[in-house]
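Take a look at the structure set out below.
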2 protein chains.
Amino acid sequence: MMNQIKRLRDHGVLVTPQRIAIAEYILKTKAHPHADAVWVHVRRRHPTISRATVYNTLNLFVEKGLVKAQPITGGAVIFDPNVRRHHHFIDEKSGIIYDLPWEAVKVTAERGLSGFEVREYQVVLRGRRRRR
Amino acid sequence: MMNQIKRLRDHGVLVTPQRIAIAEYILKTKAHPHADAVWVHVRRRHPTISRATVYNTLNLFVEKGLVKAQPITGGAVIFDPNVRRHHHFIDEKSGIIYDLPWEAVKVTAERGLSGFEVREYQVVLRGRRRRR
DNA sequence: TCTAACCTTAGATATATTCTAAATGCATGA
DNA sequence: TCATGCATTTAGAATATATCTAAGGTTAGA
Ligand SMILES: [Mn+2]
Ligand SMILES: [Mn+2]
Ligand SMILES: [Zn+2]
Ligand SMILES: [Zn+2]
């Protein structure tokens, strides 16, 4: 899509076919994928893309503010196109990570935080997504 | 210390010299170390202890409820002797992880959480520890 | 003391991520 | 348009984290 290309340029990212392919997936997904999952996805249309390019590109997108790296699980770092403030719920059975809107949870400092300059925070919740 | 040995037995852990050495460090530290840091520490007195034993032992301690694994940073899982509910502040310059008492922050569910069965949660804060 | 179950170990394997250096591609000005 | 210079891509090596294997050693209770 043309608007992804413009979005890359607007963020100071030099456009290449590999970066377009990665952007088209990572900027729209709700799956919170890790780098290897992005690689598997993007290879469907770009069979020769290397793992190093996927890592390089995702790290570049983080640096440019297009995505956020979320190291909230044990294994691999996951990449999140939602760069606004929000919280995360991790389903312990499936491993699926859900976004929770910032307004879903209210966090209030009570005491004992005077020694800490907080730049950002989030609530990380674990449990089971209820069957619907 | 004798009370560490009793503590291991009380948790159904068969006592060995390696486990005592690991317990003496991990059950008292405030450093939130990862497995390799525990290995480096314990080798000062047990030079032949293997990395596998350190990983096996820490995972056993988690299973027995003596410590909690906290996958809140990118790299290695850290092991925490504080198994009560609490929050974490990560100093982004040094990487040092500080415990925040449960009462330091109040978390209130507001809306949109009806589909989620929450088993546990914590607030993860990042920023800079203020110079005192 | 005897013994069965359990533990420790070195090294191999698996997984996640970065590095290296050579080949290739992109953007710009002539 | 094209040459040029700089950035990007690539395969594979290297590094970091974690688990597995199988042989040998230890623990704790009878
Ligand atoms: Mn891991
Ligand atoms: Mn990692
Ligand atoms: Zn998210
Ligand atoms: Zn802690």
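Everything quoted here is computed from the prediction, not taken from an experiment. Residue numbers begin at 1 in each chain, while the letters A, B, ... track the order of the sequences.
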side-chain N/O [X] vs [N] OP1/OP2, d < 4.0 Å:
| X | N | value |
| --- | --- | --- |
| B/Thr57 | C/dC7 | no |
| B/Tyr55 | D/dA18 | yes |
| B/Asn56 | C/dC7 | no |
| A/Gln18 | C/dG25 | no |

Value in whole Å for how far the [atom2] atom of [N] lies from [atom1] of [X]:
| X | N | atom1 | atom2 | result |
| --- | --- | --- | --- | --- |
| B/Trp39 | D/dA18 | CH2 | P | 14 Å |
| B/Asn59 | D/dA18 | CG | P | 9 Å |
| A/Arg43 | D/dT9 | CZ | C1' | 16 Å |
| B/Ile20 | D/dT26 | CD1 | C1' | 12 Å |
| B/Leu8 | C/dC6 | CG | P | 17 Å |
| B/Leu14 | D/dA28 | CG | C1' | 7 Å |
| B/Leu58 | D/dT17 | CG | P | 14 Å |
| A/Leu60 | C/dC19 | CG | P | 15 Å |

### Query
For the residue pair A/Tyr121 and A/Trp102, does the interplanar ring angle fall in the parallel (under 30°), tilted (30 to 60°) or perpendicular (over 60°) class?
tilted
### Query
Taking the six-membered ring of B/Phe89 as reference, does the NZ or CZ atom of B/Arg126 fall below 6.0 Å from its centre and within a 45° cone about the axis?
no
### Query
Quick one: is the NZ or CZ of A/Arg128 closer than 6.0 Å to the six-membered ring centre of B/Phe116, and within 45° of its axis?
no
Is [X] touching bases, backbone alone, or none of the nucleic acid, heavy atoms closer than 4.0 Å?
| X | value |
| --- | --- |
| B/Arg51 | nothing |
| B/Asp36 | nothing |
| A/Pro71 | nothing |
| A/Thr16 | sugar-phosphate |

### Message
Under 3.5 Å, is there a donor on one side chain and an acceptor on the other for B/His32 and B/Asp99?
### Response
yes
### Task
Assign each of A/Thr53 and B/Ala35 to its nearest nucleotide of DNA chain D by heavy atoms, then name whichever residue's nucleotide is nearer the 5' end.
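First, find each residue's nearest nucleotide; the 5'-ward one identifies A/Thr53.
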### Summary
Side-chain atoms of A/Ala52 come closest, of C/dC19, C/dA16, C/dT9, to C/dC19
#### Entry: Residues A/Glu120, A/Lys68: salt bridge by 4.0 Å N-O rule
yes
